[in-house]
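Computed from a prediction, not measured in an experiment: that's the story for all the values here. Lettering of chains follows the sequences in order, A, B, ..., and the numbering in each one begins at 1.
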Protein chains: 2
Amino acid sequence: MNIEEIKNKLSQHGLKATIQRIQVYSAMLKTKSHPTAEDIYSMVKAEIPSISLSTIYNTLDSLIEKNLVSTVKTDSDVTRYDAFLDSHHHIYVGGGDEIIDYYSQELDDLLNDFFKKNSIPNFEIKEIKLQLKGDYVNNQKENN
Amino acid sequence: MNIEEIKNKLSQHGLKATIQRIQVYSAMLKTKSHPTAEDIYSMVKAEIPSISLSTIYNTLDSLIEKNLVSTVKTDSDVTRYDAFLDSHHHIYVGGGDEIIDYYSQELDDLLNDFFKKNSIPNFEIKEIKLQLKGDYVNNQKENN
DNA sequence: CTTATTGCAAACGGTTTGCAGCATT
DNA sequence: AATGCTGCAAACCGTTTGCAATAAG
(Lines give C-alpha, C1' and ligand atoms only; values in the text may rest on other atoms or scores of the structure.)
Protein backbone atom coordinates (compact mmCIF):
# COMPACT_ATOMS: atom_id res chain seq x y z
CA MET A 1 0.00 0.00 0.00
CA ASN A 2 1.55 3.32 -1.03
CA ILE A 3 1.35 6.67 0.71
CA GLU A 4 -1.60 7.81 -1.35
CA GLU A 5 -3.56 4.67 -0.57
CA ILE A 6 -2.75 4.97 3.12
CA LYS A 7 -3.95 8.57 3.10
CA ASN A 8 -7.22 7.48 1.54
CA LYS A 9 -7.64 4.64 3.98
CA LEU A 10 -7.16 6.98 6.93
CA SER A 11 -9.62 9.52 5.51
CA GLN A 12 -12.16 6.83 4.77
CA HIS A 13 -12.02 5.90 8.42
CA GLY A 14 -12.49 9.45 9.59
CA LEU A 15 -8.92 10.09 10.60
CA LYS A 16 -6.97 13.13 9.51
CA ALA A 17 -4.11 12.04 7.33
CA THR A 18 -1.21 13.46 9.31
CA ILE A 19 2.37 12.54 8.51
CA GLN A 20 2.59 10.74 11.86
CA ARG A 21 -0.40 8.52 11.20
CA ILE A 22 0.70 7.79 7.67
CA GLN A 23 4.13 6.72 8.84
CA VAL A 24 2.85 4.70 11.77
CA TYR A 25 0.37 2.80 9.66
CA SER A 26 2.94 2.37 6.92
CA ALA A 27 5.39 0.92 9.45
CA MET A 28 2.69 -1.43 10.76
CA LEU A 29 2.07 -2.71 7.27
CA LYS A 30 5.76 -3.19 6.61
CA THR A 31 6.39 -5.47 9.58
CA LYS A 32 5.32 -9.02 9.09
CA SER A 33 5.91 -9.67 12.78
CA HIS A 34 4.05 -8.14 15.70
CA PRO A 35 5.81 -4.95 16.67
CA THR A 36 5.66 -3.23 20.03
CA ALA A 37 5.00 0.49 20.35
CA GLU A 38 8.74 0.95 20.79
CA ASP A 39 9.44 -0.99 17.60
CA ILE A 40 7.14 1.31 15.67
CA TYR A 41 8.69 4.29 17.45
CA SER A 42 12.18 3.51 16.20
CA MET A 43 10.94 2.73 12.70
CA VAL A 44 8.97 5.93 12.38
CA LYS A 45 11.71 7.98 14.01
CA ALA A 46 13.83 7.34 10.94
CA GLU A 47 11.24 9.28 8.94
CA ILE A 48 10.10 11.81 11.54
CA PRO A 49 12.90 12.30 14.08
CA SER A 50 10.82 14.63 16.21
CA ILE A 51 7.95 12.21 16.77
CA SER A 52 7.24 11.28 20.38
CA LEU A 53 6.38 7.96 21.92
CA SER A 54 3.03 9.20 23.13
CA THR A 55 2.08 10.06 19.57
CA ILE A 56 2.85 6.47 18.64
CA TYR A 57 0.52 5.28 21.40
CA ASN A 58 -2.17 7.82 20.50
CA THR A 59 -1.93 6.90 16.85
CA LEU A 60 -2.08 3.18 17.48
CA ASP A 61 -5.10 3.76 19.71
CA SER A 62 -6.84 5.65 16.91
CA LEU A 63 -6.05 2.90 14.42
CA ILE A 64 -7.39 0.30 16.82
CA GLU A 65 -10.56 2.29 17.33
CA LYS A 66 -11.07 2.40 13.58
CA ASN A 67 -10.33 -1.31 13.29
CA LEU A 68 -7.23 -0.88 11.21
CA VAL A 69 -5.01 -2.46 13.83
CA SER A 70 -5.49 -4.92 16.65
CA THR A 71 -3.48 -5.85 19.72
CA VAL A 72 -1.89 -9.14 20.63
CA LYS A 73 -1.13 -9.93 24.23
CA THR A 74 2.07 -11.76 25.01
CA ASP A 75 3.33 -13.45 28.13
CA SER A 76 5.55 -10.53 28.90
CA ASP A 77 3.89 -7.26 29.71
CA VAL A 78 4.36 -5.46 26.42
CA THR A 79 1.52 -4.95 24.03
CA ARG A 80 2.18 -6.00 20.47
CA TYR A 81 0.25 -4.69 17.51
CA ASP A 82 -0.99 -6.32 14.33
CA ALA A 83 -2.15 -4.61 11.13
CA PHE A 84 -3.18 -7.81 9.40
CA LEU A 85 -6.76 -8.39 10.29
CA ASP A 86 -7.78 -11.37 8.22
CA SER A 87 -8.58 -14.54 10.14
CA HIS A 88 -5.40 -16.10 11.39
CA HIS A 89 -4.11 -17.88 14.41
CA HIS A 90 -1.02 -17.34 16.51
CA ILE A 91 1.88 -19.61 17.24
CA TYR A 92 3.73 -18.65 20.41
CA VAL A 93 7.29 -19.84 20.19
CA GLY A 94 9.22 -20.80 23.31
CA GLY A 95 8.68 -18.93 26.51
CA GLY A 96 9.50 -15.69 24.78
CA ASP A 97 7.76 -13.08 22.76
CA GLU A 98 8.01 -14.55 19.28
CA ILE A 99 4.64 -14.91 17.61
CA ILE A 100 4.06 -16.38 14.19
CA ASP A 101 0.87 -16.13 12.19
CA TYR A 102 -0.83 -19.32 11.12
CA TYR A 103 -3.33 -19.39 8.30
CA SER A 104 -5.48 -22.38 7.41
CA GLN A 105 -8.81 -22.26 5.69
CA GLU A 106 -9.30 -25.93 6.46
CA LEU A 107 -8.86 -25.31 10.16
CA ASP A 108 -11.20 -22.33 10.09
CA ASP A 109 -13.85 -24.41 8.34
CA LEU A 110 -13.40 -27.18 10.86
CA LEU A 111 -13.84 -24.79 13.77
CA ASN A 112 -16.80 -22.95 12.29
CA ASP A 113 -18.39 -26.29 11.62
CA PHE A 114 -17.80 -27.51 15.13
CA PHE A 115 -19.39 -24.45 16.70
CA LYS A 116 -22.29 -24.54 14.28
CA LYS A 117 -23.05 -28.03 15.57
CA ASN A 118 -22.14 -27.20 19.17
CA SER A 119 -23.37 -23.70 19.70
CA ILE A 120 -22.98 -22.21 23.15
CA PRO A 121 -26.33 -21.35 24.78
CA ASN A 122 -27.16 -17.65 24.75
CA PHE A 123 -23.80 -16.77 23.34
CA GLU A 124 -22.90 -15.39 19.96
CA ILE A 125 -19.38 -16.17 18.80
CA LYS A 126 -17.69 -13.30 17.01
CA GLU A 127 -14.18 -14.63 16.69
CA ILE A 128 -12.49 -17.98 16.97
CA LYS A 129 -8.78 -17.81 17.49
CA LEU A 130 -6.28 -20.50 18.20
CA GLN A 131 -3.13 -20.15 20.25
CA LEU A 132 -0.51 -22.77 19.66
CA LYS A 133 2.37 -22.94 22.08
CA GLY A 134 5.48 -24.92 21.44
CA ASP A 135 9.08 -24.91 20.36
CA TYR A 136 11.23 -25.33 17.32
CA VAL A 137 12.90 -28.69 16.87
CA ASN A 138 15.90 -29.77 14.73
CA ASN A 139 18.07 -26.74 15.49
CA GLN A 140 15.80 -24.71 13.30
CA LYS A 141 15.87 -20.99 14.08
CA GLU A 142 17.84 -21.51 17.25
CA ASN A 143 20.70 -19.12 16.61
CA ASN A 144 19.10 -15.72 16.44
CA MET B 1 -8.94 -29.65 48.68
CA ASN B 2 -8.52 -29.09 52.42
CA ILE B 3 -5.69 -27.36 54.27
CA GLU B 4 -3.83 -30.58 54.91
CA GLU B 5 -3.98 -31.54 51.25
CA ILE B 6 -2.82 -28.11 50.19
CA LYS B 7 0.11 -28.33 52.60
CA ASN B 8 1.10 -31.64 51.10
CA LYS B 9 0.77 -30.38 47.58
CA LEU B 10 3.01 -27.42 48.34
CA SER B 11 5.62 -29.62 50.00
CA GLN B 12 5.52 -32.10 47.16
CA HIS B 13 6.41 -29.27 44.86
CA GLY B 14 9.29 -28.11 46.99
CA LEU B 15 7.59 -25.10 48.50
CA LYS B 16 7.57 -24.36 52.19
CA ALA B 17 4.01 -24.54 53.44
CA THR B 18 3.65 -21.04 54.84
CA ILE B 19 0.25 -19.73 55.92
CA GLN B 20 0.44 -17.20 53.09
CA ARG B 21 0.98 -19.79 50.41
CA ILE B 22 -1.68 -22.05 51.82
CA GLN B 23 -4.23 -19.24 51.84
CA VAL B 24 -3.29 -17.96 48.40
CA TYR B 25 -3.52 -21.37 46.82
CA SER B 26 -6.72 -22.08 48.70
CA ALA B 27 -8.22 -18.83 47.41
CA MET B 28 -7.14 -19.72 43.88
CA LEU B 29 -8.91 -23.05 44.13
CA LYS B 30 -12.04 -21.45 45.52
CA THR B 31 -12.57 -19.04 42.63
CA LYS B 32 -14.05 -20.57 39.58
CA SER B 33 -13.33 -17.38 37.65
CA HIS B 34 -9.93 -15.94 36.87
CA PRO B 35 -8.90 -13.67 39.71
CA THR B 36 -6.40 -10.85 39.55
CA ALA B 37 -3.66 -10.45 42.13
CA GLU B 38 -5.85 -7.82 43.80
CA ASP B 39 -8.77 -10.23 43.94
CA ILE B 40 -6.64 -12.80 45.71
CA TYR B 41 -5.25 -10.05 47.93
CA SER B 42 -8.67 -9.10 49.27
CA MET B 43 -9.72 -12.72 49.67
CA VAL B 44 -6.61 -13.69 51.61
CA LYS B 45 -6.65 -10.49 53.64
CA ALA B 46 -9.80 -11.77 55.31
CA GLU B 47 -7.69 -14.62 56.72
CA ILE B 48 -4.34 -12.87 57.14
CA PRO B 49 -4.96 -9.13 57.54
CA SER B 50 -1.24 -8.33 57.63
CA ILE B 51 -0.41 -9.92 54.29
CA SER B 52 1.04 -7.59 51.67
CA LEU B 53 0.33 -7.34 47.97
CA SER B 54 3.90 -8.15 47.09
CA THR B 55 3.59 -11.43 48.96
CA ILE B 56 0.59 -12.22 46.79
CA TYR B 57 2.68 -11.58 43.69
CA ASN B 58 5.65 -13.52 45.04
CA THR B 59 3.45 -16.42 46.02
CA LEU B 60 1.65 -16.55 42.70
CA ASP B 61 5.03 -16.47 40.97
CA SER B 62 6.18 -19.46 43.02
CA LEU B 63 3.00 -21.35 42.23
CA ILE B 64 3.43 -20.61 38.54
CA GLU B 65 7.02 -21.79 38.63
CA LYS B 66 5.88 -25.06 40.17
CA ASN B 67 3.09 -25.39 37.62
CA LEU B 68 0.30 -25.15 40.14
CA VAL B 69 -1.08 -21.98 38.61
CA SER B 70 -0.98 -20.34 35.20
CA THR B 71 -1.65 -16.87 33.89
CA VAL B 72 -4.32 -15.73 31.52
CA LYS B 73 -3.79 -12.59 29.50
CA THR B 74 -6.71 -10.30 28.97
CA ASP B 75 -7.19 -7.29 26.74
CA SER B 76 -6.79 -4.98 29.68
CA ASP B 77 -3.45 -4.69 31.40
CA VAL B 78 -4.11 -6.82 34.43
CA THR B 79 -2.83 -10.33 34.76
CA ARG B 80 -5.38 -12.93 35.72
CA TYR B 81 -4.52 -16.25 37.30
CA ASP B 82 -5.91 -19.73 36.92
CA ALA B 83 -5.43 -22.73 39.22
CA PHE B 84 -7.28 -25.17 37.00
CA LEU B 85 -4.75 -26.64 34.69
CA ASP B 86 -6.60 -29.30 32.79
CA SER B 87 -7.07 -28.66 29.09
CA HIS B 88 -9.71 -26.04 28.57
CA HIS B 89 -10.42 -23.10 26.34
CA HIS B 90 -11.42 -19.54 27.12
CA ILE B 91 -14.48 -17.59 26.17
CA TYR B 92 -13.93 -13.84 26.31
CA VAL B 93 -17.21 -12.12 26.91
CA GLY B 94 -17.84 -8.63 25.57
CA GLY B 95 -15.06 -6.13 25.40
CA GLY B 96 -14.44 -6.58 29.09
CA ASP B 97 -12.51 -8.86 31.32
CA GLU B 98 -14.97 -11.67 31.83
CA ILE B 99 -13.51 -15.04 30.90
CA ILE B 100 -15.37 -18.31 30.98
CA ASP B 101 -13.82 -21.76 30.76
CA TYR B 102 -14.91 -24.03 27.97
CA TYR B 103 -14.35 -27.76 28.13
CA SER B 104 -14.90 -30.13 25.24
CA GLN B 105 -13.20 -33.44 24.73
CA GLU B 106 -14.66 -33.62 21.26
CA LEU B 107 -13.10 -30.30 20.33
CA ASP B 108 -9.75 -31.31 21.79
CA ASP B 109 -9.80 -34.53 19.80
CA LEU B 110 -10.69 -32.62 16.67
CA LEU B 111 -7.80 -30.22 17.13
CA ASN B 112 -5.25 -32.87 18.04
CA ASP B 113 -6.35 -34.79 15.01
CA PHE B 114 -6.04 -31.80 12.75
CA PHE B 115 -2.50 -31.03 13.85
CA LYS B 116 -1.49 -34.65 13.66
CA LYS B 117 -2.45 -34.56 10.01
CA ASN B 118 -1.16 -31.04 9.47
CA SER B 119 1.96 -30.83 11.53
CA ILE B 120 3.98 -27.63 11.38
CA PRO B 121 7.48 -28.16 10.00
CA ASN B 122 10.19 -28.15 12.64
CA PHE B 123 7.76 -27.19 15.32
CA GLU B 124 6.57 -29.18 18.28
CA ILE B 125 3.16 -28.16 19.59
CA LYS B 126 2.88 -28.22 23.37
CA GLU B 127 -0.49 -26.63 23.87
CA ILE B 128 -3.51 -25.92 21.74
CA LYS B 129 -5.80 -23.32 23.17
CA LEU B 130 -8.86 -21.68 21.70
CA GLN B 131 -10.03 -18.17 22.38
CA LEU B 132 -13.65 -17.48 21.61
CA LYS B 133 -14.77 -13.90 21.59
CA GLY B 134 -18.38 -12.86 21.54
CA ASP B 135 -21.35 -11.65 23.51
CA TYR B 136 -24.34 -12.88 25.38
CA VAL B 137 -27.64 -12.75 23.56
CA ASN B 138 -31.26 -12.85 24.91
CA ASN B 139 -30.67 -10.57 27.89
CA GLN B 140 -28.82 -13.39 29.54
CA LYS B 141 -26.35 -12.26 32.22
CA GLU B 142 -26.73 -8.63 31.33
CA ASN B 143 -27.47 -7.24 34.75
CA ASN B 144 -24.39 -7.89 36.80
C1' DC C 1 20.18 -23.74 63.20
C1' DT C 2 19.90 -22.90 58.30
C1' DT C 3 17.67 -21.29 54.56
C1' DA C 4 13.69 -19.58 52.48
C1' DT C 5 9.96 -16.40 52.88
C1' DT C 6 7.59 -12.25 54.32
C1' DG C 7 6.44 -7.36 54.27
C1' DC C 8 7.70 -2.85 53.74
C1' DA C 9 8.74 1.01 50.91
C1' DA C 10 10.76 2.46 47.09
C1' DA C 11 11.70 1.72 42.20
C1' DC C 12 10.28 0.28 37.67
C1' DG C 13 8.46 0.44 33.01
C1' DG C 14 4.98 0.45 29.84
C1' DT C 15 1.14 3.31 28.98
C1' DT C 16 -1.93 7.39 29.64
C1' DT C 17 -3.09 12.13 30.26
C1' DG C 18 -3.49 17.44 30.28
C1' DC C 19 -2.61 20.96 27.71
C1' DA C 20 -0.42 24.65 24.75
C1' DG C 21 0.95 25.06 20.10
C1' DC C 22 0.36 23.52 15.48
C1' DA C 23 -1.17 21.16 11.21
C1' DT C 24 -4.94 19.44 8.45
C1' DT C 25 -9.25 19.90 6.32
C1' DA D 1 -10.90 29.65 10.41
C1' DA D 2 -12.19 25.64 13.06
C1' DT D 3 -11.20 21.38 14.64
C1' DG D 4 -8.42 17.68 15.68
C1' DC D 5 -3.63 16.23 16.33
C1' DT D 6 1.09 16.45 18.18
C1' DG D 7 4.64 16.44 21.61
C1' DC D 8 6.19 17.40 26.04
C1' DA D 9 6.46 16.28 30.82
C1' DA D 10 4.30 14.57 34.46
C1' DA D 11 1.20 11.17 36.32
C1' DC D 12 -0.41 6.49 36.56
C1' DC D 13 -0.75 1.83 38.01
C1' DG D 14 0.21 -2.93 37.97
C1' DT D 15 4.21 -5.34 39.11
C1' DT D 16 9.03 -6.04 40.80
C1' DT D 17 12.87 -5.53 43.87
C1' DG D 18 16.24 -4.93 47.95
C1' DC D 19 16.57 -5.92 52.31
C1' DA D 20 15.98 -6.56 57.36
C1' DA D 21 13.02 -9.26 60.28
C1' DT D 22 10.85 -13.66 60.73
C1' DA D 23 9.29 -18.41 60.26
C1' DA D 24 9.61 -23.18 58.27
C1' DG D 25 12.02 -27.53 57.87
Side-chain angles (χ1 to χ4, degrees), chain A residues 3-4 6-27 34-42 44-45 47-66 68-81 97, chain B residues 3-4 6-27 34-42 44-45 47-66 68-81 97:
Chain A
I3 302 288
E4 214 47 48
I6 291 180
K7 269 191 178 175
N8 290 338
K9 190 135 201 172
L10 292 172
S11 307
Q12 283 161 23
H13 287 79
L15 294 172
K16 284 192 180 173
T18 63
I19 322 101
Q20 290 85 345
R21 297 226 254 244
I22 293 165
Q23 290 300 332
V24 167
Y25 191 44
S26 167
H34 305 82
T36 62
E38 293 275 356
D39 291 338
I40 296 294
Y41 186 39
S42 25
V44 174
K45 228 171 176 179
E47 310 295 326
I48 316 169
S50 67
I51 200 170
S52 78
L53 226 201
S54 61
T55 297
I56 303 291
Y57 280 110
N58 288 335
T59 303
L60 288 170
D61 287 347
S62 310
L63 295 174
I64 288 165
E65 202 179 335
K66 300 300 180 182
L68 293 172
V69 162
S70 68
T71 58
V72 189
K73 286 286 170 185
T74 66
D75 278 340
S76 74
D77 285 320
V78 272
T79 304
R80 291 180 172 272
Y81 299 85
D97 252 16
Chain B
I3 303 287
E4 214 47 48
I6 291 180
K7 268 192 182 176
N8 290 338
K9 189 135 199 172
L10 292 173
S11 306
Q12 283 160 25
H13 287 79
L15 294 172
K16 285 192 180 175
T18 63
I19 321 102
Q20 290 87 344
R21 297 226 255 243
I22 293 164
Q23 290 300 332
V24 167
Y25 191 44
S26 168
H34 306 81
T36 62
E38 293 275 357
D39 292 338
I40 296 294
Y41 185 39
S42 27
V44 174
K45 228 172 176 175
E47 309 296 327
I48 316 170
S50 68
I51 199 169
S52 77
L53 227 201
S54 61
T55 298
I56 303 291
Y57 280 110
N58 288 335
T59 303
L60 288 170
D61 287 347
S62 310
L63 295 174
I64 288 166
E65 202 181 335
K66 300 301 182 183
L68 293 172
V69 162
S70 68
T71 59
V72 189
K73 287 286 169 185
T74 66
D75 278 342
S76 75
D77 286 320
V78 272
T79 304
R80 290 181 172 274
Y81 299 85
D97 253 16

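Distance CG (Leu60(A)) to P (dG14(C)): 15 Å, rounded to an integer number of Å. As a whole-Å value, the separation of Gln23(B) CD from dT6(C) C1' is 15 Å. Per the geometry, CZ belonging to Arg80(B) stands 10 Å off P belonging to dT15(D), to the nearest Å. We find that CD1 of Ile56(A) is positioned 13 Å from P of dT16(C), with the value rounded to whole Å. Going from atom CD of Glu38(A) over to atom P of dT16(C) covers 13 Å, rounded to whole Å. The CD1-C1' distance, from Ile22(A) to dT25(C), rounds to 13 Å in whole Å. With rounding to whole Å, Ile40(A) atom CD1 is found 16 Å from dG14(C) atom C1'. Rounding to whole angstrom units, CG of residue Leu10(B) and C1' of dT5(C) are separated by 13 Å.
When only modelled atom types and interatomic distance are considered, Asp39(B) and Thr36(B) share a side-chain donor-acceptor pair under 3.5 Å.
An end-to-end axis angle of 50° holds for the helix from dC1(C)-dG25(D) to dT25(C)-dA1(D), taken from five base pairs per end and rounded to 10°.
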Original post:
Where do Arg80(A) and Thr71(A) land on the side-chain contact (heavy atoms from CB on, under 4.5 Å) test, with the steps shown first?
Top reply: CA-CA 6 Å; Arg80(A) 291 180 172 272; Thr71(A) 58; over 6 Å; no
**OP:** Give the intermediate values and the outcome of side-chain contact (heavy atoms from CB on, under 4.5 Å) for residues Leu63(B) and His13(B).
**Re:** CA-CA 9 Å; Leu63(B) 295 174; His13(B) 287 79; over 6 Å; no
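Of the inter-residue distances, the one linking Tyr57(A) atom OH with Thr79(A) atom OG1 reads 7.0 Å to the nearest 0.5 angstrom.
Ion pairing between a basic and an acidic side chain is recognised when a charged N comes within 4.0 Å of a carboxylate O; Lys66(B) and Asp61(B) show no such pairing.
Map Tyr81(B) and Lys16(A) each onto its nearest nucleotide of DNA chain D; the residue landing nearer the 5' end is Lys16(A).
Of the options Ile22(B), Thr18(B), Leu15(B), a side-chain contact (heavy atoms from CB on, under 4.5 Å) to Lys7(B) is made by Ile22(B) and by none of the others.
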Give every pair of a protein N or O atom and an N or O atom of nucleotides 6-12 of chain D that lie under 3.5 Å apart, one pair per line with the distance.
residue	atom	partner	partner atom	Å
dT6(D)	OP1	Thr18(A)	OG1	2.8
dT6(D)	O3'	Gln20(A)	NE2	2.9
dG7(D)	OP1	Gln20(A)	NE2	3.3
dG7(D)	OP2	Thr55(A)	OG1	3.0
dC8(D)	N4	Ser54(A)	OG	3.1

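For dT16(D), neither phosphate oxygen OP1 nor OP2 lies less than 4.0 angstrom from any side-chain nitrogen or oxygen of Tyr57(B).
Among the atoms of the strands shown, none is found under 4.0 Å from any heavy atom of Thr36(A).
No side-chain donor-acceptor contact under 3.5 Å links Thr55(A) to the backbone of Ile51(A). In this structure a side-chain-to-backbone donor-acceptor pair under 3.5 Å is present from Arg21(B) to Lys16(B).
The heavy-atom pair separating Ala27(A) from Ile40(A) by the smallest distance is CB-CD1, 4.1 Å.
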